[in-house]
Colleague: 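Attaching a single structure in C-alpha cells format; questions to follow.
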Amino acid sequence: MSPFMSFDRERWSELRNLVPMTLSENDLKELQGINEKLTMEEAVEIYLPLSRLLNLYVAARQNRNSVLQQFLDKDEKAPPFVIGIAGSVAVGKSTTARLLKALLSRWDNHPKVELVTTDGFLYPNEVLQEKGLMGKKGFPESYDIKRLVKFVSDVKACKRNVQAPVYSHLTYNITDEVKEVDLPDVLIIEGLNVLQSGMNYPHEPHRVFISDFLDFSLYVDADSAQIQEWYVNRFMKFREGAFAKPGSYFSHYTLLNDQEAVDKAQNIWKSINGLNLEQNILPTRERAHLILRKGADHMVEEVLLRK
C-alpha cells in the first residue's frame, strides 16, 4: 500500500476546477530555466491544479489562525504558510519555485509571496576550503544549517525584515547582498536540502531542521540517468553563455573543446551532484507531500499526492 495517490496528467488537470491562467507566454519564458521549455500546456495542466490545491491549504491555515486569534482575543499578523521545494541539481525545481510564486501571488487571500533559495546559506568558498569541502558543495555539511534554520524560524515567528544571504552562480560564492523578507503571506524555500532531517547531519546534530517548519513540501523527481543528461546539457549551454561572462568562476571551462567539456560535466556529476542525489537528496523524496515525476522532455508525467 502506497502512502501516495497517483494521478496521470489527464486526471490531475481535471482538478484545476476552472482556475484561470493569469500568466502569458512571455511570463513563462522569463520563468523557465536555461535547459527547459515551460509550455502553457504544462502550466495549465500541472501547475494550475497545484496552485489551487496550495490555495486551499493556505486558506485552511488562515482559518485556523483566525480561530486561534479569536480564542486568544488578539489581532496579530498570522505566520506565513511555508512551502518547501526539493530535488536534484538540474531537475527543474527552480523553475517550479518561480512559477508557483507567480501563480500563488495572484490569489487575493495571499498576494505577498516570497521565494528564497538555500544556496545563500552555503558556507562561503573560503570556509569550504578551510573545511576541505569544496568538492562537496551542496552536500549537507556544506551548509550553515544553523543560520538557515534561524532564518526560517524568524520568518515563521513574524519577525520584520529578516535577511537572507544571496548566492551568485556567476562567482560561485556568497555575495555581499542580502534579501529581506518582511511578513509574507507565503514563503517558498527551494533547495537540495529542504526535506532533510537529523539523519543527514550526523556530523553536527541539531534539534530542529528546515523540514520542521514546512506546511507543505514538493519533490521534483525524474530518473537519475535522465537528470544526468539534463545536467550535461545545461553545462554545455552555460559554457556558451554564463561561463563566458567576465568574473565567472567557471571561465576556464570555455577553453575546453566540446568532448572535453562533456567529459568534465559527466565527471562532476558522478563525483559530486550524482553522488549527492543518491546519498542525501533522493532518500528524502518520500517525506514530501507531493511529488512531480518528470519524463525525458521535462514534462510532468505523474503527480503523487500524499493521502
Side-chain angles (χ1 to χ4, degrees), residues 5 7-66 77-87 91-117 155 164 179-191 194 214-221 288-295 297-305:
M5 296 177 285
F7 300 85
D8 60 20
R9 287 185 68 93
E10 183 178 359
R11 286 183 61 213
W12 181 255
S13 66
E14 292 171 354
L15 299 173
R16 171 189 173 189
N17 198 28
L18 302 179
V19 171
M21 170 51 74
T22 55
L23 302 176
S24 67
E25 292 279 5
N26 287 334
D27 292 330
L28 296 183
K29 287 181 181 179
E30 293 181 3
L31 295 170
Q32 69 187 9
I34 187 173
N35 202 36
E36 297 175 75
K37 184 178 180 182
L38 181 57
T39 65
M40 184 61 71
E41 177 187 10
E42 183 81 348
V44 169
E45 294 184 358
I46 300 299
Y47 291 98
L48 279 186
L50 179 53
S51 172
R52 176 181 173 238
L53 174 64
L54 289 170
N55 171 255
L56 291 172
Y57 270 108
V58 174
R61 175 53 58 87
Q62 290 174 336
N63 288 336
R64 194 187 79 170
N65 289 333
S66 296
K77 172 68 178 178
F81 189 89
V82 181
I83 301 170
I85 300 178
V91 78
K93 61 185 181 301
S94 296
T95 297
T96 294
R98 290 191 294 267
L99 179 53
L100 282 180
K101 178 181 184 295
L103 291 173
L104 291 174
S105 64
R106 265 64 173 185
W107 291 88
D108 292 338
N109 59 319
H110 45 78
K112 189 173 183 179
V113 182
E114 292 284 4
L115 169 60
V116 171
T117 69
V155 175
K179 176 183 176 65
E180 285 196 349
V181 176
D182 188 34
L183 302 178
D185 299 308
V186 176
L187 173 65
I188 299 174
I189 306 173
E190 176 258 307
V194 297
L214 301 180
D215 297 297
F216 193 91
S217 55
L218 290 80
Y219 186 96
V220 185
D221 192 28
H289 293 99
L290 183 140
I291 300 171
L292 297 175
R293 180 85 176 158
K294 288 186 171 185
D297 56 0
H298 265 290
M299 302 281 277
V300 174
E301 295 180 340
E302 183 184 22
V303 178
L304 299 168
L305 178 62

Colleague: So how far is it from Asn55 CG to Leu48 CG, rounded to the nearest 0.5 Å?
Modeller: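 Interatomic distance, Asn55 CG to Leu48 CG, rounded to 0.5 Å: 12.0 Å.
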Colleague: First locate atom CD1 of Ile83, then atom CG of Leu50, and finally report the distance between them rounded to the nearest 0.5 Å.
Modeller: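 Answer for the CD1-CG pair, Ile83 versus Leu50, is 8.0 Å.
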Colleague: Counting only heavy atoms not in Glu10, do more than 12 sit closer than 6.0 Å to its CD atom?
Modeller: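 No - once you tally the heavy atoms of other residues, nucleotides and ligands closer than 6.0 Å, there are 12 at most.
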Colleague: Closest approach of Ala43 and Met21, non-hydrogen atoms and distance?
Modeller: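 Distance-wise, the nearest heavy atoms are CB-CE, 3.6 Å.
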Colleague: Quick one, Leu292 and Val303 - any side-chain contact, counting heavy atoms below 4.5 Å?
Modeller: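 Contact flag for Leu292/Val303 side chains = yes.
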Colleague: Is there a side-chain contact between Glu41 and Arg9, using heavy atoms and a 4.5 Å cut-off?
Modeller: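 Contact flag for Glu41/Arg9 side chains = yes.
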Colleague: For His110 and Leu104, work out which heavy atoms get closest and say how close.
Modeller: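 That closest heavy-atom pairing would be ND1-O, 3.0 Å.
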Colleague: Assess whether a salt bridge exists between Lys294 and Glu36, defined as any Lys/Arg side-chain N lying under 4.0 Å from an Asp/Glu carboxylate O.
Modeller: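 Yes.
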Colleague: Inspect the contact between Asp8 and Arg293 and indicate whether a charged nitrogen and a carboxylate oxygen are less than 4.0 angstrom apart.
Modeller: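 Salt bridge: no.
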Colleague: Nearest 0.5 Å, please: how far is CZ in Arg98 from CD1 in Ile85?
Modeller: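 Between atom CD1 of Ile85 and atom CZ of Arg98 there are 10.5 Å.
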Colleague: Indicate yes or no for a side-chain donor-acceptor contact from Ser105 to the backbone of Lys101 under 3.5 Å, with no hydrogens or angles considered.
Modeller: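 Answer holds: yes.
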Colleague: So which heavy atom on Arg52 is nearest to which on Trp107, and how close?
Modeller: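 Nearest pair, atom of Arg52 first, then Trp107: CA-CZ2, 3.9 Å.
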Colleague: For the residue pair Lys179 and Glu114, what are the closest heavy atoms and their distance?
Modeller: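 Shortest heavy-atom contact: NZ-OE1, 3.2 Å.
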Colleague: I need the minimum non-hydrogen distance between Ile188 and Ala97, along with the two atoms involved.
Modeller: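 Distance-wise, the nearest heavy atoms are CD1-O, 4.0 Å.
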Colleague: Can you check whether Val300 reaches Trp12 side chain to side chain, under 4.5 Å on heavy atoms?
Modeller: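 They are not in contact (no side-chain heavy atoms under 4.5 Å apart), so the answer is no.
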Colleague: Might you point out which heavy atoms bring Arg16 and Pro20 nearest each other, and give the distance in Å?
Modeller: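 Smallest heavy-atom distance, with atoms named: NH2-CA, 3.9 Å.
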Colleague: Would you compute the distance between atom OG of Ser217 and atom CG of Leu290 and round it to the nearest 0.5 angstrom?
Modeller: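 Rounded to the nearest 0.5 Å, the OG-CG separation comes to 8.5 Å.
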Colleague: Is it the case that atom NZ in Lys112 sees more than 12 heavy atoms from other parts of the structure closer than 6.0 Å?
Modeller: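 Enclosed: over 12 neighbouring heavy atoms sit under 6.0 Å from NZ of Lys112.
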Colleague: Below 4.5 Å, heavy atoms only, C-beta onward: do Asp221 and Glu302 meet side chain to side chain?
Modeller: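 They are not in side-chain contact.
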Colleague: For the atom pair CG (Asp215) and OH (Tyr57), what is the distance rounded to the nearest 0.5 Å?
Modeller: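 Atom-to-atom, Asp215:CG and Tyr57:OH are 11.0 Å apart.
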Colleague: Set out, in order, the CA-CA distance, both residues' side-chain angles and the distance that settles side chain to side chain contact (heavy atoms under 4.5 Å, CB included) for Leu23 and Arg106, then state yes or no.
Modeller: CA-CA 9 Å; Leu23 302 176; Arg106 265 64 173 185; 3.2 Å; yes
Colleague: Taking the side chain as every heavy atom from C-beta outward, state whether Pro80 and Val155 have any atom pair closer than 4.5 Å.
Modeller: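 Heavy-atom side-chain distance check passes, below 4.5 Å.
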Colleague: Considering only heavy atoms from C-beta outward, does the side chain of Leu100 approach that of Leu218 to under 4.5 Å?
Modeller: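 Side-chain contact under 4.5 Å: yes.
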Colleague: When the side chains of residues 27-34 are checked against the rest of the protein, which donor-acceptor pairs come out under 3.5 Å, sequence neighbours left out?
Modeller:
| unit_1 | atom_1 | unit_2 | atom_2 | d |
| --- | --- | --- | --- | --- |
| Asp27 | OD2 | Ser24 | N | 2.9 |
| Asp27 | OD2 | Ser24 | OG | 3.2 |
| Gln32 | OE1 | Leu38 | N | 2.6 |

Colleague: So do Asp182 and Glu180 actually touch side chain to side chain, heavy atoms under 4.5 Å?
Modeller: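 Of all side-chain heavy-atom pairs linking Asp182 with Glu180, none is under 4.5 Å.
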Colleague: Using a 4.5 Å cut-off on heavy atoms from C-beta on, say whether the side chain of Lys37 contacts that of His298.
Modeller: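 His298 does not reach Lys37 side chain to side chain.
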Colleague: Atom CG of Asp185 and atom CG of Asp108: how far apart are they, to the nearest 0.5 Å?
Modeller: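 So the gap between those two atoms works out to 11.0 Å.
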